[in-house]
Visitor: 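I'd like to ask some things about the structure below.
Quick caveat, the model's predicted, so the values are computed rather than measured. Position 1 is the first residue of the sequence; numbering continues from there.
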Amino acid sequence: MKLVIKGGRVVDPANDIDAVMDVMIEDGLIKAVEVNILDREGTIIDAAGKIVCPGFIDMHVHLREPGFEYKEDIASGTRAAAAGGFTTVCCMPNTDPVIDTAAVASFVRERAVRSGVVNVLPIGCISKRQAGQEITEMADLVAAGCVAVTDDGRPVSDAALMRNALEYAKMFDLPVLSHCEDLSLSRDGQMHEGYHSLLYGLKGIPTAAEEIMVARDIILAELTKSHVHICHASTRGSMNLIRAAKLRGVNVTCEVTPHHLILTDEIVGDYDTDTKVNPPLRSAEHLEALREALLDGTVNCIATDHAPHHPESKDCEYDLAAYGISGLETAVALIMDSLVDKGILDWSEMVELFTIGPAEVLGIDKGTLDIGADADITILDPLAIKTVDPALFHSKGKNTPFKGRTLKGWPWMTIVKGNVVAQGGSLV
Ligand code: DOR
């Protein structure tokens with residue numbers, strides 16, 4: 001089967017391409033990326049005025065299956081991913097049971113083949129049962145297709161366990177993804193600790209709760225010469241630590257989320273529980289530091305931390321609500337609207353953060369339009385204007401603080417292995 005995407009602006013940072021070109025797909029693979037392909041066989045997609053990119057990757061997604069299917073499942077979560085412009089998602093292991101054995105990882109992969117509409121790469125646990133006491137059989141997890149390990153949702157509090165995990169993971173070239181949180185500092189915290197937490201009367205989470213663990217993990221990565229990846233980094237101090245560590249050659253990478261790049265803690269004053277997330281929305285100073293770090297190479301990728309919740313966990317008092325934001329269906333539009341349209345990022349910088357950036361962190365063969373690569377393609381419409389309406393989400397999680405926002409720039413088409421899976425926010 002042939003498909004030719006004609007006349008779009010092709011942005012493929014890995015190959016240093018930013019030009020109006022055509023992309024030909026044959027049998028699910030990229031066949032050619034050239035100016036004016038004359039072959040008229042197969043289906044023609046007119047992409048004039050659109051941005052044609054390698055398929056976007058979200059390396060931090062909670063698909064909730066197995067165990068929490070009332071919040072999300074692999075079918076609904078991957079539909080949300082496709083609608084949001086993602087062709088590959090990595091799913092976090094804080095399910096029930098957690099992904100700490102090959103059996104659970106294989107289950108997730110099988111379900112993804114059967115009911116998923118985008119590529120799903122499972123991430124296994126660092127510790128058995130995510131209990132933070134004994135490391136998992138990482139060799140088995142790798143054999144079952146896991147691309148990284150993490151105890152995300154909670155930190156690895158025991159430094160010796162983290163050290164062992166880093167040493168063990170290194171044998172398989174596995175990145176260790178760290179949820180950096182010192183629980184003794186963050187416990188019962190509802191929002192960022194600062195002026196607004198005082199004003200709103202909510203218990204604060206200090207930046208130190210994150211930064212102490214970022215510093216520890218950098219030191220352990222340096223000791224073990226292993227790769228540590230900092231999940232959802234949210235503070236100026238974290239960025240300074242990561243930047244300095246990278247400069248002295250430590251194998252540390254990091255991701256930031258759209259919500260930390262766009263919202264500040266001031267918004268919590270509405271007591272809308274959809275603003276409650278961990279790590280919390282920070283103050284403007286930190287938001288600025290994250291944006292600076294996007295530009296100077298400190299940040300490797302943007303990841304959503306898509307955390308869908310059932311309305312019951314959010315329709316309650318702020319301090320009882322669950323932490324998390326349903327992010328898959330707004331992430332790309334938010335970055336296009338808030339950062340690209342405003343001239344903070346250019347197209348190539350944005351596409352890199354969603355494609356080759358995460359692919360390199362994970363060491364996976366994705367994120368480019370290389371000839372012969374899987375034809376995973378995301379096409380963006382920079383002029384589309386739509387208002388975020390969670391009622392229209394494919395995700396079961398309607399928990400977004402961006403509801404009602406009108407955004408300029410939306411994903412237009414999502415193609416996975418040569419098949420069009422979503423167009424204009426609808427599943428095909
Ligand atoms: O806000 C969050 N929600 N942060 C996490 O680290 C976990 C996630 C979840 O699983 O709901």
Visitor: Start with the C-alpha distance between M239 and L241, add both sets of side-chain angles, then the distance that settles side-chain contact (heavy atoms from CB on, under 4.5 Å), and finish with yes or no.
Guide: CA-CA 5 Å; M239 288 304 142; L241 287 162; over 6 Å; no
Visitor: Between E360 and G357 (side chain of the first, backbone of the second, donor and acceptor by atom type, cut-off under 3.5 Å), is there such a pair?
Guide: no
Visitor: Could you tell me whether K403 and D389 have a side-chain N and a carboxylate O separated by less than 4.0 Å?
Guide: no
Visitor: Out of K246, R248, R216, which residue meets the salt bridge (Lys or Arg N to Asp or Glu O under 4.0 Å) rule with E222?
Guide: R248
Visitor: Taking the side chain as C-beta and beyond, is there a heavy-atom pair between R9 and K50 under 4.5 Å?
Guide: no
Visitor: Taking atom types as modelled and ignoring hydrogens, do the side chains of T136 and Y168 form a donor-acceptor contact shorter than 3.5 angstrom?
Guide: no
Visitor: What closest approach, in Å, do C146 and L174 show between heavy atoms, and which atom pair accounts for it?
Guide: O-CD2, 4.0 Å
Visitor: To check you understand the geometry: which heavy-atom pair defines the closest contact between D272 and P401, and what is its length?
Guide: OD2-CA, 4.5 Å
Visitor: Got more than 12 heavy atoms from elsewhere within 6.0 Å of NZ, K225?
Guide: no
Visitor: Please check this pair: side chain of S197 against backbone of G204, looking for a donor-acceptor N/O pair closer than 3.5 Å.
Guide: no
Visitor: Looking only at atom types and distance, does a side-chain atom of T330 sit under 3.5 Å from a main-chain N or O of L334, one as donor and one as acceptor?
Guide: no
Visitor: Is C91 close to V108 at the side-chain level, that is, under 4.5 Å between some pair of heavy atoms?
Guide: yes
Visitor: Looking only at heavy atoms, which two atoms of A169 and V176 are closest? And how far apart?
Guide: CB-CG2, 3.5 Å
Visitor: If you round to the nearest 0.5 Å, how far is CD of E181 from OG of S186?
Guide: 3.5 Å
Visitor: Run the side-chain contact (heavy atoms from CB on, under 4.5 Å) test on L261 and I335 for me, step by step, so that the C-alpha distance in whole Å, both residues' side-chain angles and the decisive distance to 0.1 Å come before the verdict.
Guide: CA-CA 9 Å; L261 286 166; I335 299 301; 4.0 Å; yes
Visitor: Which of these, R79, K396, R111, R114, sits in a salt bridge (Lys or Arg N to Asp or Glu O under 4.0 Å) with D73?
Guide: K396
Visitor: Quick check for you: to the nearest 0.5 Å, what is the distance between M92 atom CE and C125 atom SG?
Guide: 10.5 Å
Visitor: Looking at CE of M162 and CD1 of I219, how far apart are the two atoms once the value is rounded to the nearest 0.5 Å?
Guide: 12.5 Å
Visitor: Whether the E210 and S234 side chains hold a donor-acceptor pair (N or O, under 3.5 Å, no angle test) is what I'd like checked.
Guide: yes
Visitor: Say whether, by atom type as modelled, one donor and one acceptor occur between the side chain of D381 and the main chain of P411 under 3.5 angstrom.
Guide: no
Visitor: Would you call K366 and P358 a side-chain contact if the rule is heavy atoms closer than 4.5 Å?
Guide: no
Visitor: To the nearest 0.5 Å, tell me how far H310 NE2 sits from F68 CZ.
Guide: 13.5 Å
Visitor: Side chains of S238 and C180, heavy atoms from C-beta outward: is any pair under 4.5 Å?
Guide: no
Visitor: For L328, does its backbone N or O pair with a side-chain atom of H306 as donor and acceptor, under 3.5 Å?
Guide: yes
Visitor: Does atom OH (Y70) have a neighbourhood of more than 12 heavy atoms from anything else shown, all under 6.0 Å?
Guide: yes
Visitor: Under the side-chain contact (heavy atoms from CB on, under 4.5 Å) rule, what do V156 and S178 come out as? Steps first, then yes or no, please.
Guide: CA-CA 8 Å; V156 174; S178 183; over 6 Å; no
Visitor: According to the salt bridge (Lys or Arg N to Asp or Glu O under 4.0 Å) rule, which pairs have a member within residues 147-172, sequence neighbours left out?
Guide: R163-E167
Visitor: Can you tell me which residue among V420, T414, I45, I30 is in a side chain to side chain contact (heavy atoms under 4.5 Å, CB included) with I377?
Guide: I30
Visitor: Please tell me whether N94 and H62 have a donor and an acceptor in their side chains that are separated by less than 3.5 angstrom.
Guide: yes
Visitor: Hey, could you give me the CG/CG distance between D365 and D370, rounded to the nearest 0.5 Å?
Guide: 7.5 Å
Visitor: Side chains of D58 and T304: is there a donor and an acceptor less than 3.5 Å apart?
Guide: yes
Visitor: Side-chain contact, heavy-atom cut-off 4.5 Å: W410 with M336?
Guide: no
Visitor: Ignoring hydrogens and angles, state whether a donor on the side chain of H60 or E255 is under 3.5 Å from an acceptor on the partner side chain.
Guide: yes
Visitor: Hey, does the side chain of S326 reach the backbone of G397 with a donor-acceptor pair shorter than 3.5 angstrom?
Guide: yes
Visitor: Quick check for you: to the nearest 0.5 Å, what is the distance between R236 atom CZ and N240 atom CG?
Guide: 6.5 Å
Visitor: Picking from T88, T87, D374, what satisfies side-chain hydrogen bond (donor to acceptor under 3.5 Å, both in side chains) with N119?
Guide: T88
Visitor: Looking at side-chain heavy atoms only, is the closest gap between I51 and P382 below 4.5 Å?
Guide: yes
Visitor: For K128, is there an ion pair with D100 - N to carboxylate O distance below 4.0 angstrom?
Guide: no
Visitor: Consider only side-chain N and O atoms of T235 and E211, and report whether a donor and an acceptor are under 3.5 Å apart.
Guide: yes
Visitor: Might you work through the side-chain contact (heavy atoms from CB on, under 4.5 Å) test for L177 and I123, ending with a clear yes or no?
Guide: CA-CA 9 Å; L177 320 187; I123 294 179; 3.7 Å; yes
Visitor: Kindly give the heavy-atom pair with the smallest separation between T264 and S283, and that separation in Å.
Guide: CG2-C, 4.2 Å
Visitor: Please examine the side chains of L353 and N300, heavy atoms only from C-beta on, and report whether any two atoms are closer than 4.5 Å.
Guide: no
Visitor: Give every residue pair that meets the ring-ring contact (aromatic ring centres under 6.0 Å, His included) criterion with at least one member in residues 325-368, sequence neighbours excluded.
Guide: F56-F354, F86-F354
Visitor: Regarding S395 and E72, do their side chains bring together a donor and an acceptor under 3.5 Å, going by distance alone?
Guide: yes
Visitor: Which atoms form the tightest heavy-atom contact between V11 and D18, and what is the distance?
Guide: CG2-OD1, 3.8 Å
Visitor: Any donor-acceptor pair under 3.5 Å linking the side chain of N399 with the backbone of G324?
Guide: yes
Visitor: Would you verify whether the NZ or CZ of K276 falls within 45 degrees of the ring axis of Y323 while also being under 6.0 Å from that six-membered ring's centre?
Guide: yes
Visitor: Any luck finding a side-chain donor-acceptor pair between E288 and H286 under 3.5 Å?
Guide: no
Visitor: State, with a plain yes or no, whether a side-chain heavy atom of H259 is found less than 4.5 Å away from one of F402.
Guide: yes
Visitor: Which atoms form the tightest heavy-atom contact between A82 and A422, and what is the distance?
Guide: O-CB, 3.4 Å
Visitor: Let's go through E69 and R64 carefully: what are the C-alpha distance in whole Å and the side-chain angles of both, what is the deciding distance for salt bridge (Lys or Arg N to Asp or Glu O under 4.0 Å) to 0.1 Å, and is it a yes or a no?
Guide: CA-CA 6 Å; E69 291 84 353; R64 307 296 195 205; over 6 Å; no
Visitor: Does any N or O in the side chain of R282 come within less than 3.5 Å of the main-chain N or O of H260, such that one atom is a donor and the other an acceptor?
Guide: no
Visitor: Going by distance alone, is a donor N or O of one side chain under 3.5 Å from an acceptor N or O of the other, for S184 and D182?
Guide: yes
Visitor: Is a side-chain N or O of T387 found less than 3.5 angstrom from the main chain of T406, in a donor-acceptor match?
Guide: no
Visitor: Mind telling me whether H229 and H227 have parallel, tilted or perpendicular rings, with 30° and 60° as the class edges?
Guide: perpendicular
Visitor: Can you find a side-chain donor-acceptor pair between K71 and H309 that sits under 3.5 Å?
Guide: yes
Visitor: Checking R291 side chain against I344 main chain: does a donor-acceptor pair fall under 3.5 Å?
Guide: no
